[in-house]
Amino acid sequence: MTGQAPSVRLRGAALRFGGRAVFSDLDLDLPAGRWTCLLGESGIGKTSLLRLIAGLGSADETRGHLSCSDGLPLAGRVAYMGQRDLLLPWTTVLQNVVLGARLRGGRAAARETEGRAAALLRAVGLAGREEDLPGSLSGGMRQRVALARTLFEDCPVVLMDEPFSALDAVTRHRLQALASDLLRGCTVFMVTHDPLEALRLADRIEVLAGLPPQLRPVFEPAGQAPRPLDDPALAQQAGRLMIVLGDGARAA
Amino acid sequence: MTGQAPSVRLRGAALRFGGRAVFSDLDLDLPAGRWTCLLGESGIGKTSLLRLIAGLGSADETRGHLSCSDGLPLAGRVAYMGQRDLLLPWTTVLQNVVLGARLRGGRAAARETEGRAAALLRAVGLAGREEDLPGSLSGGMRQRVALARTLFEDCPVVLMDEPFSALDAVTRHRLQALASDLLRGCTVFMVTHDPLEALRLADRIEVLAGLPPQLRPVFEPAGQAPRPLDDPALAQQAGRLMIVLGDGARAA
Amino acid sequence: MKLFRVLVVAAGLLLLWEALVRLTAVPPFILPGPLAVALRFLAQFDLLLHHGWVTAVEILLGLFCGTLMGMASALLIVASRPARAWLMPLLVISQALPVFALAPLLTLWFGYGLASKVVMASLIIYFPVAAAFVDGLRRADPGLIDLARVMGASPLAILLNLRLPGALPALASGLRVAAATAPIGAVVGEWVGSSRGLGYLMLHANARLQVDLMFAALALLALFSLTLYFTLDAALRRLTAWQPESDSVSAAGFSLLPEKGPS
Amino acid sequence: MKLFRVLVVAAGLLLLWEALVRLTAVPPFILPGPLAVALRFLAQFDLLLHHGWVTAVEILLGLFCGTLMGMASALLIVASRPARAWLMPLLVISQALPVFALAPLLTLWFGYGLASKVVMASLIIYFPVAAAFVDGLRRADPGLIDLARVMGASPLAILLNLRLPGALPALASGLRVAAATAPIGAVVGEWVGSSRGLGYLMLHANARLQVDLMFAALALLALFSLTLYFTLDAALRRLTAWQPESDSVSAAGFSLLPEKGPS
Amino acid sequence: AERMTVLLDWFVNPDHATLIVARDGGFFERHGLEVELIAPADPNDPPKLVAAGKADLAVSYQPQLHMQVAAGLPLLRVGTLVATPLNSLVVLRDGPIQGLADLKGRKIGFSIGGFEETLLQTMLGGAGVALDEVELVNVNFSLSPALIAGQVDAVIGAFRNFELNQMDIVGRPGRAFYPEEEGVPPYDELVLVAKADTLDRAKLARFLLALEEATTFLLNHPQSAWALFIASDKALDDELNRRAWTDTLPRFALRPAALDQGRYARFATFMAENGMIGEAGTVADYAIDVNAD
Ligand SMILES: Nc1ncnc2c1ncn2[C@@H]1O[C@H](COP(=O)(O)OP(=O)(O)OP(=O)(O)O)[C@@H](O)[C@H]1O
Ligand SMILES: Nc1ncnc2c1ncn2[C@@H]1O[C@H](COP(=O)(O)OP(=O)(O)OP(=O)(O)O)[C@@H](O)[C@H]1O
Ligand SMILES: [Mg+2]
Ligand SMILES: [Mg+2]
């Protein structure tokens with residue numbers, strides 16, 4: 001991560017598709033250099049919120065105020081990993097990872113970064129697959145390429161939408177540690193469905209729940225992420241988190 | 001489920017993409033009317049194995065012997081839920097659910113089953129979204145439509161590839177119970193990455209691991225699925241399962 | 001707004017045309033100025049309408065038959081690999097044969113009336129439609145096809161329920177080309193021999209150096225093409241609305257207001 | 001195997017042709033039988049080669065220029081919404097104007113040499129290429145575009161790195177149509193004014209009632225089209241190999257052997 | 001009334017005046033005929049279609065007739081519309097070409113009819129210019145535009161009653177060189193051909209009689225005939241047609257059915273000598289007088 005990560009502040013966010021409002025008047029703070037996890041029922045608007053922060057609009061109406069602690073605009077220093085893997089089908093795994101460099105600096109700039117990209121691919125367990133097309137990868141492999149691409153971006157603010165959802169428990173555990181390590185100091189906002197994952201990685205956990213959906217800050221897990229999964233405190237917190245999630249579901 | 005579910009027996013299964021063999025000489029038994037879960041590292045060949053049983057080939061070489069206990073071919077009585085949701089983008093959620101009826105019996109046959117499809121959509125929490133296009137659904141909602149479509153098929157043999165991966169913990173818990181209920185008596189083969197999910201639903205758990213990948217039957221969890229997640233036996237088994245998975249990963 | 005834009009385009013075209021005439025000093029018997037053409041258009045409006053009507057009927061019938069034939073061939077080609085191997089070369093050849101070589105043959109078989117023109121127009125649009133549709137049908141998502149196979153669908157059911165809707169966007173591409181090409185098909189068909197229609201009028205006017213009348217007819221023909229194209233375009237857009245499109249402009253990121261003061 | 005198929009197709013076509021001639025009793029001065037044409041082809045091979053060479057050059061140049069122009073217009077249209085609003089009608093009109101009406105103008109500007117034929121062939125293939133490419137470019141996955149925007153890519157970088165490769169399959173569709181159409185463009189160009197080329201030879205033979213020579217030239221032209229089409233097709237298939245295609249046949253499920261006895 | 005289909009050689013123009021007047025003035029009707037006139041776009045097609053039995057009569061050109069019959073088309077000339085050549089070599093009057101000899105090394109445009117090379121060879125040969133000393137360019141329909149725009153120095157295939165007026169109207173008058181004055185035997189420009197093996201002499205005789213009456217009417221009442229002509233198609237009423245009308249009148253065959261055997265034989269010999277046909281043959285093979293027996 002280059003430079004000091006800012007905190008991000010969203011006020012009065014509202015989003016509407018056709019006649020259906022996803023949420024209205026949400027406030028969110030992403031503390032500088034901390035990892036925030038967002039949980040919530042499927043379809044409640046987590047992806048929409050993430051996209052809104054990333055500056056991506058497909059909704060029919062989008063409102064809100066977004067600012068960074070350093071007063072500069074957020075655009076241009078945020079990495080985004082979508083819920084779909086969004087790999088370019090026509091180019092190799094390696095080229096997919098260096099896509100950002102390529103888009104910003106052209107072919108030459110991308111070539112210089114290929115070493116770093118290859119190292120990242122090794123780190124996510126895809127050594128030897130650099131020259132394969134995405135079409136020949138398994139679902140989890142594709143997700144790992146997308147993760148490598150996001151880590152490659154090296155941005156102070158990182159938005160990730162269920163980045164580990166297609167991975168087996170062991171690989172997931174390992175890549176959580178990797179991400180936690182590489183994104184240390186970044187302002188991270190991650191959507192996840194796995195309470196344990198949130199408890200392992202997050203400095204702060206928010207739950208989007210209710211009707212209309214509201215953000216409820218729930219936890220600020222203690223200790224340094226990544227936390228070990230066999231920590232008894234974590235198991236206990238997981239129970240409490242499940243109850244909050246269950247309540248949210250019942251309220252909706 | 002209509003009719004008596006057969007057991008499925010696979011012998012000497014082998015699969016190769018180009019120069020890369022995914023696995024060779026795998027033997028698998030899916031006991032009649034029981035739920036078998038398959039775990040394994042990302043990219044090891046779970047999806048490939050599932051597709052092989054479904055009779056879907058995209059590999060350059062596929063070998064093996066497949067038979068059912070009743071001596072009849074498997075084709076035509078198996079439901080398949082892929083790792084991608086595979087919804088038709090041009091038609092409504094409801095029409096996606098009745099796709100099987102439509103493909104086999106035409107428009108009229110599909111219309112007759114719409115009531116059952118709507119009930120299934122309600123059951124997976126998508127009441128009111130019947131007439132929406134898949135493009136306007138969230139990732140988890142799409143997965144739920146695909147699940148509804150699979151349950152709608154009402155087949156004696158069901159193959160599912162990470163059917164709950166995009167769902168939040170609460171919805172996942174609810175839909176696991178739903179599937180377990182609706183698929184009672186079916187021969188089910190499900191790929192999952194979540195050890196707890198496997199322990200909750202499976203009558204038998206297999207792990208694909210090693211190099212070359214081999215199937216290792218690990219568990220036959222006791223009791224009737226769906227098992228409660230707060231069962232202490234389950235937590236203990238989860239620990240053991242993680243160790244097996246970790247071993248497998250280290251071996252590869 | 002849209003109408004306004006069309007008018008501006010039209011005005012721009014006319015200006016360009018006038019400029020062309022003036023700057024390149026093209027003699028008027030080769031390219032008359034827009035004013036002369038407009039005057040002729042008004043003066044012989046009845047005549048143009050009379051011939052235009054004939055051509056319009058030919059265009060629409062040609063478009064209809066050509067599209068039907070094209071779609072049928074495409075379905076056949078995709079439905080069976082042998083059909084593809086045998087039909088595709090025929091299709092390509094059908095596109096490559098110049099009309100005038102076939103003209104006597106067509107007149108022999110279809111007579112001097114409407115039929116031979118419709119056949120001509122159909123032949124011309126046949127290939128773009130068939131080729132685009134074949135491509136669309138073959139580009140169906142293999143995952144969907146796999147799913148349908150497991151569901152026990154017959155190849156025909158797969159064709160109708162999966163490949164066909166999925167190929168609509170590609171077919172629409174082909175149809176757009178067809179819509180823009182059909183008028184020239186009809187005009188070339190009139191070349192086969194006729195005594196009515198805009199093509200006839202144009203050749204006739206051309207042979208007599210009534211170049212302004214010829215360009216008036218040409219303008220009417222262009223108008224037909226545009227109307228046909230944009231009508232069909234609008235209809236096709238509605239049919240393929242499920243297909244995500246990304247304009248460089250329309251799908252642009254919105255920007256949230258930066259927060260002003262504490263809220 | 002492939003060559004074998006082509007040969008069988010050719011033989012089939014000839015048989016069809018012969019059958020047509022016999023069954024419909026077309027007089028030989030309207031449609032000669034394949035044997036007469038083949039004999040003439042061999043007898044006048046040098047002449048055909050001489051004219052065919054001219055036409056081949058026109059076709060290739062026309063294809064090249066038309067594709068270039070079509071792609072450039074498409075990029076422009078997609079790159080900016082105003083360009084789209086203004087250029088699209090022009091494009092449609094360009095397609096709808098019959099060449100013969102413009103021919104005097106074109107020959108005035110480009111002479112009777114190579115240039116005017118290349119211009120005409122280009123004009124004819126311009127629209128299919130541009131239209132298909134525009135459609136392909138606009139159908140880029142919005143998710144990819146969004147991703148690129150977040151990455152801070154300029155619209156140009158998005159165009160070149162995302163839209164363009166993604167549009168290759170659609171462009172390929174357009175190019176296939178263009179390849180099959182380009183020969184007719186060149187021939188029409190020759191027909192409007194020339195002293196060499198297959199189009200000229202055909203007119204000439206036609207006027208002299210050397211119908212078998214005309215059909216020999218036609219056969220050569222068809223051969224050009226086929227060669228061009230299938231060469232381009234093969235090349236394009238390689239370029240768009242990443243695109244999943246699903247033949248009804250090739251993507252068929254395999255079937256595992258049922259187990260025989262205990263293993 | 002008996003139906004007859006007549007294919008013209010080209011779009012309706014004053015060359016077809018006698019046919020139009022015969023149709024619209026009721027001359028055919030009076031002889032129990034209902035005649036349909038159809039204009040093709042390619043003058044080469046009508047004879048083929050008549051030979052294939054798709055029409056009763058076609059308007060064609062005498063030089064083409066010889067070639068068609070030589071090529072085996074079952075055709076017979078049964079009547080004449082225009083009894084002199086119309087074809088001519090045209091240059092700009094104020095251009096650099098004063099005589100045929102000046103054409104050496106120049107560009108000559110032509111509209112492919114199949115006969116132009118022989119014409120040129122004969123005409124230029126008389127002026128001491130060989131055919132390969134000029135450059136021939138096919139300009140298809142654009143004979144006068146190509147000449148006026150200076151893209152070619154001369155055009156062959158221009159009709160003296162037509163292209164000359166056309167050029168005059170746009171202010172670039174031309175000068176014509178007439179084939180029959182430059183060594184080409186005179187011939188009938190426009191003839192009527194019918195399918196040889198299904199000839200209905202009696203019907204054709206009636207047709208030609210009506211045509212003859214129409215021709216007489218045309219000569220006697222040029223104004224009423226013109227009114228009939230332009231009434232058939234509004235687009236015909238323009239300056240060019242008016243002028244062409246006057247220039248064409250004296251060239252119509254007054255006796256459409258009459259056949260000058262010697263003249264046809266002379267022309268056939270000319271064609272054979274120039275290699276356009278194998279041998280001259282006998283007149284009866286390609287032309288008849290339907291009234292003879
Ligand atoms: N179409 C293909 N072409 C080439 N290789 C392929 C193709 N499909 C799969 N493979 C390879 O086969 C292996 C197994 O893939 P498979 O999809 O079965 O893995 P998986 O166990 O389902 O993984 P995941 O948990 O990530 O979904 C992988 O190495 C993959 O790269
Ligand atoms: N393009 C769209 N058009 C219409 N509605 C949309 C669109 N995209 C999302 N929605 C709606 O917005 C709501 C929120 O969707 P979103 O994708 O943000 O959910 P999510 O919380 O990310 O769910 P999941 O956990 O399933 O991914 C859903 O009800 C969805 O149907
Ligand atoms: Mg989401
Ligand atoms: Mg998988």
Side-chain angles (χ1 to χ4, degrees), chain A residues 17-18 20 22 39-48 58 82-84 124-126 128-129 132 135-144 161-162 164-175 191-196 207 209 229-230 235 238-239 241-242 245-250 252, chain B residues 17-18 20 22 39-48 58 82-84 124-126 128-129 132 135-144 161-162 164-175 191-196 207 209 229-230 235 238-239 241-242 245-250 252:
Chain A
F17 285 106
R20 181 183 292 133
V22 178
L39 287 94
E41 212 189 345
S42 163
I44 196 142
K46 303 179 295 300
T47 298
S48 304
S58 54
Q83 198 167 356
R84 289 195 296 140
V124 301
L126 289 173
R129 305 300 290 255
D132 287 8
S136 71
L137 298 185
S138 78
M141 289 168 144
R142 294 175 62 100
Q143 194 170 45
R144 283 183 273 159
D161 203 348
E162 308 184 26
F164 307 109
S165 63
L167 301 179
D168 63 286
V170 178
T171 310
R172 180 186 300 216
H173 194 265
R174 199 158 47 74
L175 293 190
V191 173
T192 181
H193 282 319
D194 183 351
L196 285 176
V207 171
L229 273 178
D230 44 16
L241 186 50
M242 278 304 288
L245 292 171
D247 284 350
R250 230 160 298 127
Chain B
F17 286 106
R20 182 183 289 134
V22 178
L39 285 94
E41 212 189 344
S42 164
I44 196 141
K46 303 180 295 299
T47 299
S48 304
S58 54
Q83 198 167 354
R84 289 195 296 140
V124 299
L126 288 173
R129 304 302 288 257
D132 287 7
S136 70
L137 299 184
S138 78
M141 289 167 144
R142 294 174 63 99
Q143 194 170 46
R144 282 182 274 160
D161 204 347
E162 308 184 27
F164 307 109
S165 63
L167 300 178
D168 62 287
V170 177
T171 310
R172 180 186 300 215
H173 193 264
R174 200 158 46 76
L175 293 190
V191 173
T192 180
H193 282 319
D194 183 351
L196 285 176
V207 172
L229 273 179
D230 44 17
L241 186 49
M242 277 305 286
L245 291 171
D247 283 349
R250 229 159 299 129

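Order of the sequence lines sets the chain letters (A, B, ...), proteins ahead of strands, with each chain counted from 1. From a predicted model like this one, the values you see are computed outputs, not experimental measurements.
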S.K.: Looking only at atom types and distance, does a side-chain atom of B:Arg144 sit under 3.5 Å from a main-chain N or O of A:Ser42, one as donor and one as acceptor?
M.R.: yes
S.K.: Does some side-chain heavy atom of B:Glu41 sit less than 4.5 Å from a side-chain heavy atom of A:Val170?
M.R.: no
S.K.: Using a cut-off of under 4.5 Å on heavy-atom pairs, state which of A:Gly125, A:Ser165, A:Gly43 scores highest against chain B.
M.R.: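 Sorted descending by pairs with chain B, the first entry is A:Gly43.
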S.K.: Residues in side-chain hydrogen bond (donor to acceptor under 3.5 Å, both in side chains) with A:Arg174, at least two apart?
M.R.: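 Partners of A:Arg174 under the side-chain hydrogen bond (donor to acceptor under 3.5 Å, both in side chains) test: none.
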S.K.: Relative to chain A, which segment of B:Arg84 carries a heavy atom at a distance below 4.5 Å: side chain, backbone, both, or neither?
M.R.: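 No part of it gets close to chain A.
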S.K.: Salt-bridge test for A:Asp194 and B:Arg172: reply yes if a basic N is under 4.0 Å from a carboxylate O, no otherwise.
M.R.: no
S.K.: If you measure from CG on A:Asp168 to CG on B:Leu39, what distance do you get to the nearest 0.5 Å?
M.R.: 8.5 Å
S.K.: Quick one: of A:Leu167, A:Leu137, A:Thr47, who has the most non-hydrogen atom pairs under 4.5 Å with chain B?
M.R.: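 When all of A:Leu167, A:Leu137, A:Thr47 are compared, A:Leu167 has the most.
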S.K.: Name the member of B:Gln83, B:Met242, B:His173 that forms the most heavy-atom pairs with chain A at distances under 4.5 Å.
M.R.: B:Gln83
S.K.: Which bit of A:Arg129 is near chain B, if near means a heavy-atom gap under 4.5 Å: side chain, backbone, both or neither?
M.R.: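 Just the side chain, heavy atoms under 4.5 Å.
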S.K.: If you count heavy-atom pairs under 4.5 Å with chain B, which of A:Pro195, A:Gly239, A:Ala166 comes out on top?
M.R.: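 Ranked by contacts with chain B, first place is A:Ala166.
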